[in-house]
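Keep in mind it's a predicted model, so treat the numbers as computed, not measured.
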Amino acid sequence: MKRLTFVFIAMYAVLPMTARTETSDSIGAEQLNEVVVTGEKPEIKGQDGILVVDLPSIVEDKPVTNILEALGYLPGVVSDNGAIGLNGASSVTIIINGEPTAMPLQNLYQLLYSTPVDRLKNVEIMYSAPAKYHVNGAVINVVLKTPRPLDGLTGQAHLGYGQTRYASYSGGLNATYAVKDWAFDLNWSLARNHTYNRQETSSNHLFDGSRHMIEDDMRQIGKNLSNTIYASASYKKLKVTYNGQITSKIRNSSLSAGTFGDFSNIYKDLSPTAFHNIALRYVSPFGLTVGGDYTDYYERRSQNLHKGDVQQVSSENCQDIGRYHAYIDMEHTAGNWMIGYSVDYQHSADKSRQTYFFPAQPGFDNALREDVASAYAGTQTSFEWGLSFNASVKAEYFHNNYRHNWNVVPQFGATFYKTPASIFQLNFTSNRVYPSFWELHGGTAYINDYSTILGNPALQPYMNYTGQLSYIFRQKYAATFYVLYLDDYFVQLPYQSTNDLHLVFQTQNMNFSRTVGLQLHVPFNVKNIWDATATVNVSHGRQKSDRFHDISFDNKRWGLYAALNNTLRFTSGSPLSLSIDGTYISGQIQGPGRFGPLWKIDAGVKWQFGKKRCYEFVVKANDIFGSCNPDMKIKVAGQDYRMKSHDMNRSLSMTFTWRFNGFRPKEDTTIDTSRYGTGK
């Protein structure tokens with residue numbers, strides 16, 4: 001339901017009393033000199049437990065050129081160096097146009113980064129996604145504009161330059177075209193990435209009754225060439241989609257100096273890392289949707305670890321994943337009720353191996369097969385007195401080489417409002433979260449003589465229970481109270497061994513992780529010159545483990561996230577806008593570890609010029625003062641460890657964009673696949 005709130009301001013001259021000759025039922029000679037009408041488009045609308053956000057209006061004058069950057073301005077969304085999180089949810093899956101995707105997270109981010117923000121129609125935030133989306137938990141649904149024959153060929157080309165310690169370059173082309181019942185979409189980007197990060201660690205290791213201070217200063221340098229392609233063709237309600245990414249010339253180096261000496265750890269690709277996915281989807285006129293896709297992922301890398309000039313490790317990792325996925329959905333109406341049900345099946349075959357050439361030690365070469373079958377039933381309705389809701393329940397069967405289990409996933413989302421000025425939303429869901437394929441193989445990776453990364457075949461999936469209650473005032477101000485409970489939660493953590501002088505990084509299950517919080521989202525505007533949004537999130541977190549290796553911990557802490565995003569224009573409608581954003585974070589925990597406070601200041605300038613402003617130039621400086629660098633400390637049960645990062649987020653970027661035909665409609669006189677990868 002679309003509604004607009006209008007504010008009327010009328011200024012008029014009062015004529016002398018002698019000039020008024022009208023009768024009581026006439027307007028007569030009194031004149032209305034000027035009428036100023038200010039219309040404010042609602043930013044947030046709610047229905048069926050879903051928040052629909054007019055993101056294009058929010059970022060219209062901000063220094064963003066692509067959808068990935070734009071998502072950072074969504075209510076409740078936290079963008080950490082390009083990674084998207086959602087306050088009030090333990091994790092979030094991003095989908096496009098409501099369609100399931102098999103893309104690994106890195107590939108999806110690259111696709112969104114190369115998709116222009118002008119393609120964006122709106123964004124839907126679902127804290128408990130209905131089962132028909134084939135995604136469990138929280139979802140951000142990016143809804144793109146549908147190309148129409150009237151638009152002709154539209155698109156944009158862009159060139160980008162980024163500077164951290166090293167320079168990175170990117171370029172891309174995005175185009176859409178529609179004719180009669182056909183629609184085509186192409187997105188291609190090429191990026192030459194060169195990254196840098198530095199970490200200082202100090203490990204006060206208790207061993208054999210005494211403390212040993214082990215220090216290390218590590219520089220991590222990464223290079224790769226990433227080629228991303230997304231293409232789709234649709235005829236009426238039939239759509240075929242291909243998306244893929246080929247990453248080549250990969251070289252990740254860890255150069256460290258410390259107590260045990262100088263080390264160089266080099267990871268190189270032995271063949272390009274390739275991801276390919278092809279999907280087919282058909283939506284019938286009578287409510288039936290049939291879809292399926294096939295995914296192929298291949299990665300092969302080598303590791304060479306040297307201490308000075310002496311080689312210590314030479315190994316090779318290889319991962320080859322094939323996945324089939326098919327689903328059938330059916331929806332029909334019965335009066336005011338929509339009823340839906342579905343069956344879904346996916347099969348994955350992960351053939352992975354790890355081979356050690358030096359020193360001689362066992363690796364592994366095995367296949368991990370996984371089957372997930374599910375069925376759901378759900379309903380959706382709305383009542384005239386203000387309540388609308390959707391609810392579903394899904395039964396899921398999971399089986400792999402190590403375990404099998406049944407899981408029931410309930411989902412509920414409701415919205416209540418009598419007028420759009422005051423909206424209440426309630427959401428609840430649960431889902432099971434599985435570890436990455438590579439961790440379940442139990443492989444080993446060596447960082448240096450002291451630090452090692454271990455896989456964990458005994459790792460168990462965890463259950464994620466989430467609930468949110470939101471209040472939306474005047475379709476722009478929002479307050480959300482949330483509770484997250486993760487049973488058997490797992491995360492990778494460092495551990496100082498009590499058997500020898502070794503630091504072990506391994507993902508292990510805890511008892512639980514629980515977070516309770518309140519988030520406030522407050523936008524405001526001053527005379528169309530200053531546009532700002534304040535976000536505050538206050539939370540209390542607790543993570544507990546009775547058995548983490550041979551110790552236990554119970555970590556509790558209050559946390560605060562505060563951000564103020566500002567956009568300034570010299571005049572209303574100015575082609576030049578300035579953005580200044582500030583962020584502060586404190587009180588974060590991870591297992592037994594605690595992070596120090598973080599803060600950063602970002603700034604950017606956006607200049608639109610040319611005919612119909614078809615050219616755009618954006619300059620952004622992130623973390624100007626280099627202050628947003630995580631500093632984690634663990635000091636519990638004999639563990640005494642600290643890791644401090646440097647140069648984590650500071651960067652300078654410039655992007656030039658040329659739009660042809662504008663991507664603006666003419667007047668008419670329409671995942672969770674983060675489990676891939678070896679983690680290197």
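A salt bridge links Glu316 with Arg300: the closest approach of a Lys/Arg side-chain nitrogen to an acidic carboxylate oxygen falls below 4.0 angstrom. The pair Arg642-Asp631 meets the salt-bridge criterion, with a side-chain N (NZ, NE, NH1 or NH2) lying under 4.0 Å from an Asp/Glu carboxylate O.
The aromatic rings of Phe553 and Phe548 sit perpendicular, their planes meeting at an angle over 60°, well past the 30° parallel limit.
The salt bridge (charged side-chain N to carboxylate O under 4.0 Å, His left out) contacts involving residues 202-221 comprise Arg198-Asp217, where partners must be two or more places apart or lie in separate chains.
In this structure, a donor-acceptor pair under 3.5 Å is absent between the side chains of Asn317 and Gln303. A donor atom on one side chain and an acceptor atom on the other are not found under 3.5 Å apart for Asn224 and Ser226. A donor atom on one side chain and an acceptor atom on the other are found under 3.5 Å apart for Tyr73 and Asp581. A donor and an acceptor atom, one from each side chain of Gln220 and Ser253, are nowhere located under 3.5 Å apart. Checked by atom type, the side-chain pair Tyr495/Asp550 shows a donor-acceptor distance below 3.5 Å. Side-chain contact check for Asn629 and His646: no donor-acceptor pair (N or O, by modelled atom type) lies under 3.5 Å. For the 3.5 Å distance criterion, the side chains of Asp344 and His325 qualify, holding a donor opposite an acceptor. If you check the side chains of Asn136 and Arg432, you find no donor sitting under 3.5 Å from an acceptor.
Aromatic ring centres of Phe428 and Tyr127 lie farther apart than the 6.0 Å criterion allows.
Counting heavy atoms of neighbouring residues, nucleotides and ligands inside a 6.0 Å radius, atom NZ of Lys268 does not exceed 12 of them. Summarising the local packing, CZ of Phe481 is surrounded by more than 12 heavy atoms from other residues, nucleotides or ligands at distances under 6.0 Å.
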Contacts table for residues 360-368: side-chain donor-acceptor under 3.5 angstrom, sequence neighbours left out:
unit_1	atom_1	unit_2	atom_2	d
Gln361	OE1	Tyr446	OH	3.3
Gln361	NE2	Tyr446	OH	3.0
Asn366	OD1	His441	ND1	2.6

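The two residues Leu86 and Pro75 have their closest heavy-atom pair at CD1-O, 4.2 Å.
Residues passing the salt bridge (Lys or Arg N to Asp or Glu O under 4.0 Å) test with Lys307 are Asp449, sequence neighbours excluded. Residues that satisfy the side-chain contact (heavy atoms from CB on, under 4.5 Å) test with Lys556, not counting sequence neighbours, are His540, Arg542, Asp554. Annotation: side-chain contact (heavy atoms from CB on, under 4.5 Å) contacts of Ala349 (sequence neighbours excluded): His347, Arg369. Applying the side-chain contact (heavy atoms from CB on, under 4.5 Å) test to Ser513 and every residue at least two apart in sequence or in another chain returns Leu486, Tyr489, Gln543.
The residue from Tyr485, Phe490, Phe512 that alone fulfils the ring pair (Phe, Tyr, Trp, His ring centres under 6.0 Å) condition with Tyr462 is Phe490. Pro494 pairs with exactly one of Gln639, Met632, Gln506 by the side-chain contact (heavy atoms from CB on, under 4.5 Å) rule, that one being Met632.
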